Number of protein chains: 2
Amino acid sequence: MVAYDVFVADCPARTTLDLVADTWSMVAVVALAAGPARYSQLHERIGGISKKMLTQTLRKLEANGLVERRALRAAPPGSEYRLTPLGRTLLEPVRTLSRWAEEHTDELLAARDRSAAAADG
Amino acid sequence: MVAYDVFVADCPARTTLDLVADTWSMVAVVALAAGPARYSQLHERIGGISKKMLTQTLRKLEANGLVERRALRAAPPGSEYRLTPLGRTLLEPVRTLSRWAEEHTDELLAARDRSAAAADG
DNA sequence: CCGGATCCGACTGGATACTG
DNA sequence: CAGTATCCAGTCGGATCCGG
């Protein structure tokens, strides 16, 4: 009897984890946390993302019901993206992860340095 | 004044997120949650991972101080991997994410179906 | 035999140019 | 402004080979 089944390939957690376990999905969700945003705004806010990946990430999130897209007809015309209610539920786990990242940055960088030093020496 | 800085490319959260935001890191961490394990055990438990990616993932986690490797000399010889204290602190956010995944699988699959149907029709 | 490095094909992601 | 098409480099991942 194991405590965790996450390592079974077809379990819900693994299937769903694939949705957010990529470079951009969580960042995009956070970028939309503050409210609806245009494509170009997202592209600006998410530093380092290419247009291709932004489009691809948004489409994926949209296909999974986390993000909603709507066309803007008023000037200036364009598209607007926003989190769905389901998408907003993802904010909590993402924030937990972000908080962890911030709290342990020092230790992670220290370990990385140690490792790099060992590789050099 | 923004509530989240995660979308800034060089913020701690983004830097650290890159560490776990891949297909296997979190799964590997969970696979190690129950306790130390051999390479071959991990390879078995984590369904679908190749040996190459397993090695690569473990090395990355090790380089960042989340996982510790030790050689086993007794029969059968081999390697054993375990979470470091720092690695164990990652379990909480990962579990939060897993829980979210399990709780919202239905909605996600429903959205996916809807999207697929729209693509067909 | 277990752990892991290497080789090579397939796919992914980025930059740029182009379209609606 | 919001993407799409194309090209190219880097990564993924299976098969295979090597060391203890």
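Since the structure is predicted, the reported quantities are computational estimates derived from the model, not experimental observations. A, B, ... follow the sequence lines: proteins, then strands. Residue 1 opens every chain.
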_If I take atom CD in residue B/Gln56 and atom C1' in nucleotide C/dG3, what distance separates them, rounded to the nearest angstrom?_
15 Å
_Protein-nucleotide distance (A/Leu54, atom CG; D/dA2, atom P), rounded to Å_ = 10 Å
_Between C/dT6 (P) and B/Lys51 (NZ): distance, integer Å_ = 14 Å
*Roughly how many Å is it from NZ in B/Lys52 to C1' in D/dT11, rounded to a whole number?*
8 Å
*asked:* With nearest nucleotide decided by heavy atoms, which residue, B/Thr55 or A/Thr23, maps closer to the 5′ end of DNA chain C?
replied: B/Thr55
_How close do A/Arg45 and A/Gly35 get, counting heavy atoms only, and between which atoms?_
NH2-O, 4.4 Å
*So what does A/Arg69 touch, heavy atoms closer than 4.0 Å: a base, only the sugar-phosphate, or nothing?*
sugar-phosphate
*Do A/Leu17 and B/Leu91 share a hydrophobic cluster (ILVMFWY, side-chain heavy atoms under 4.5 Å, transitive)?*
yes
_Is A/Ser40 close enough to D/dA2 that one of its side-chain N or O atoms is under 4.0 Å from OP1 or OP2 there?_
yes
_Please determine whether a side-chain nitrogen or oxygen atom of B/Trp24 lies at a distance below 4.0 Å from atom OP1 or OP2 of D/dC12._
no
*Lys/Arg-Asp/Glu bridge criterion (N-O < 4.0 Å) met for B/Glu62, B/Lys60*: no
*Do any side-chain nitrogens or oxygens of A/Ser50 fall under 4.0 Å of OP1 or OP2 in C/dG14?*
yes
*asked:* Classify A/Pro76 by what it touches in the nucleic acid, base, sugar-phosphate, or nothing, heavy-atom distance under 4.0 Å.
replied: nothing
*Nearest listed nucleotide, side chain of A/Tyr39, among D/dG13, C/dG13, D/dA2*: D/dA2
*Taking atom C1' of D/dT4 as reference, at what distance in whole Å does atom NE2 of A/His43 sit?*
14 Å
*asked:* Just to verify, which of A/Thr84, A/Leu86, A/Leu32 counts as forming a side chain to side chain contact (heavy atoms under 4.5 Å, CB included) with A/Val67?
replied: A/Leu32
*Under 4.0 Å: is that the gap between some side-chain N or O of A/Ser79 and OP1 or OP2 of D/dG3?*
yes
*Would you say A/Arg38 reaches D/dG3's phosphate, i.e. side-chain N/O to OP1/OP2 under 4.0 Å?*
no
*To the nearest Å, give me how far apart CD1 (B/Ile46) and C1' (D/dG13) are.*
15 Å
*Quick one: A/Leu58 CG to D/dT4 P, roughly how many Å, whole number?*
11 Å
_Atom pair distance, as rounded to whole Å: CE in A/Met53 and C1' in D/dA2_ = 17 Å
*Interatomic spacing from CE in A/Met53 to CG in A/Leu58 - rounded to 0.5 Å*: 10.0 Å
*Quick one: is C/dG4 close enough that its OP1 or OP2 comes under 4.0 Å of any side-chain N or O from B/Arg59?*
yes
*Taking OP1 and OP2 of C/dG4, is either one under 4.0 Å from a side-chain nitrogen or oxygen of B/Tyr81?*
yes
